[in-house]
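Inspection log for the structure reproduced underneath, given as structure tokens.
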Amino acid sequence: MGGQPTGRARVLVIDDDQVVTDFLRRGLSYEGFGVEVAQSGRKGLDLARENPPDLVVLDLMMPGMDGLEVCRRLKAGGSVPVLILTAKDAVPDRVAGLETGADDYLVKPFALEELAARIRALLRRQQATAPEALRYADLVLDVGGRRARRGERDISLSTTEFKLLAQLMRHPDQVLTHEVLMDRVWGYDFGGDSNILEVYVRYLRAKLEAGGEPRLIHTVRGSGYALRT
């Protein structure tokens with residue numbers, strides 16, 4: 001078996017087949033990974049948003065929301081590596097998975113050792129390419145450490161505030177609509193308070209401007225919000 005990942009990387013397995021999820025939970029745990037499982041695409045998205053994993057292992061063929069749609073939504077909301085498991089080995093199916101943003105694929109049946117090796121390779125690649133921080137004007141967001149700083153002032157952020165600010169900082173000077181932000185931060189079918197986005201923008205502004213700094217998050221009336229100086 002291969003070497004264990006540093007720091008016990010967290011893997012989220014999304015597959016509707018309980019035999020597969022049980023096998024992967026045991027096998028990947030033995031390989032040194034922390035493993036969480038979901039047996040539907042929607043549940044997998046919820047888990048990924050609540051507690052973002054280091055990597056997602058995703059079945060392609062699932063009832064309801066299939067793996068391609070799950071992959072699209074995962075990639076729209078962040079840069080988590082996605083490895084697709086599929087019983088389909090035709091070239092168009094593999095291409096479709098990769099074109100939705102998947103980073104790798106493995107055709108069932110597969111050897112656990114190969115899956116673990118591919119996961120480690122993706123994690124190494126992610127660590128090598130991931131930015132240490134997002135920067136805009138005097139604002140710095142430490143993605144790995146989930147910390148923010150404006151000038152010399154540290155800013156404490158909740159998980160939701162961090163996710164919202166990260167979305168804005170990944171798209172500086174662009175207008176992000178209400179719909180896009182609701183999808184990427186709270187989930188596409190969020191059915192809670194319709195004013196939740198405005199509430200969290202106010203929270204963020206209060207924290208970012210607590211030292212008297214100029215406003216960075218601007219309202220674009222009728223459209224959404226933009227990070228601008």
Side-chain angles (χ1 to χ4, degrees), residues 10 12 14 36 38-56 58 62-82 97 99-103 130-131 133-137 139-148 150 155-210 215-229:
R10 294 179 51 256
L12 172 61
I14 307 175
E36 191 169 18
Q39 291 182 311
S40 74
R42 192 168 299 279
K43 178 61 176 176
L45 281 177
D46 289 342
L47 290 176
R49 285 168 176 144
E50 290 166 7
N51 192 13
D54 296 302
L55 183 140
V56 173
L58 176 64
M62 292 185 290
M65 187 185 297
D66 66 15
L68 293 178
E69 181 61 22
V70 174
C71 186
R72 287 189 193 98
R73 296 192 186 187
L74 287 169
K75 289 299 187 177
S79 58
V80 60
V82 176
E99 285 186 343
T100 61
D103 300 273
L134 299 171
R135 301 175 186 272
Y136 187 83
L139 179 62
V140 180
L141 192 67
D142 179 352
V143 177
R146 302 182 75 83
R147 293 185 295 269
R150 188 157 191 194
I155 302 171
S156 176
L157 298 175
S158 69
T159 298
T160 301
E161 290 166 347
F162 177 90
K163 290 165 68 176
L164 177 55
L165 183 57
Q167 285 300 322
L168 292 165
M169 292 188 72
R170 287 190 176 104
H171 305 277
D173 300 308
Q174 297 180 31
V175 178
L176 297 183
T177 66
H178 292 80
E179 291 76 15
V180 165
L181 289 171
M182 290 296 294
D183 182 14
R184 295 182 182 180
V185 178
W186 284 275
Y188 181 80
D189 56 353
F190 178 78
D193 185 353
S194 61
N195 295 322
I196 193 73
L197 175 57
E198 290 78 5
V199 169
Y200 272 90
V201 168
R202 287 202 299 271
Y203 291 163
L204 270 180
R205 281 174 172 161
K207 292 184 176 183
L208 296 181
E209 301 166 23
R215 175 160 293 185
L216 289 179
I217 301 176
H218 295 270
T219 302
V220 181
R221 195 168 301 280
S223 297
Y225 298 95
L227 195 69
R228 294 173 175 167
T229 52

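- At a threshold of 4.5 Å between non-hydrogen side-chain atoms, the residues Thr219 and Arg205 count as touching.
- With salt bridges taken as basic N to acidic carboxylate O contacts below 4.0 Å, none links Arg72 and Asp66.
- The residues Arg135 and Asp142 are annotated as not salt-bridged, no charged nitrogen and carboxylate oxygen being separated by less than 4.0 angstrom.
- Between Gly41 and Ile14 the shortest heavy-atom distance is CA-CG2, 4.1 Å.
- The side-chain contact (heavy atoms from CB on, under 4.5 Å) with Leu164 is formed by just one residue from the set Leu181, Leu176, Leu157, Thr159; it is Leu181.
- Screening Leu168, Ile155, Leu165 for a side-chain contact (heavy atoms from CB on, under 4.5 Å) involving Leu141 leaves a single residue, Leu165.
- Nearest approach of Ala102 to Cys71, heavy atoms of both residues: N-SG, 3.5 Å.
- Summarising the geometry of Asp173 relative to Tyr136, their closest heavy-atom pair is OD1-OH, 2.8 Å, with the distance given to 0.1 Å.
- Shown here are the ring pair (Phe, Tyr, Trp, His ring centres under 6.0 Å) partners of Tyr200, two or more places apart in sequence or in another chain: Trp186, Tyr203.
- In this structure, Gln167 and Val185 approach most closely via the heavy-atom pair CG-CG2, 4.1 Å.
- For Pro81 against Asp54, the heavy-atom pair with the smallest separation is CD-O, 3.1 Å.
- For Asn51, the side chain to side chain contact (heavy atoms under 4.5 Å, CB included) partners two or more places apart in sequence, or in a different chain, are Arg10.
- Partners of His178 according to the ring pair (Phe, Tyr, Trp, His ring centres under 6.0 Å) rule, which considers only residues two or more places apart in sequence or in another chain, are Tyr225.
- Taking a cutoff of 4.0 Å between a charged side-chain nitrogen and a carboxylate oxygen, Glu69 and Arg73 qualify as a salt bridge.
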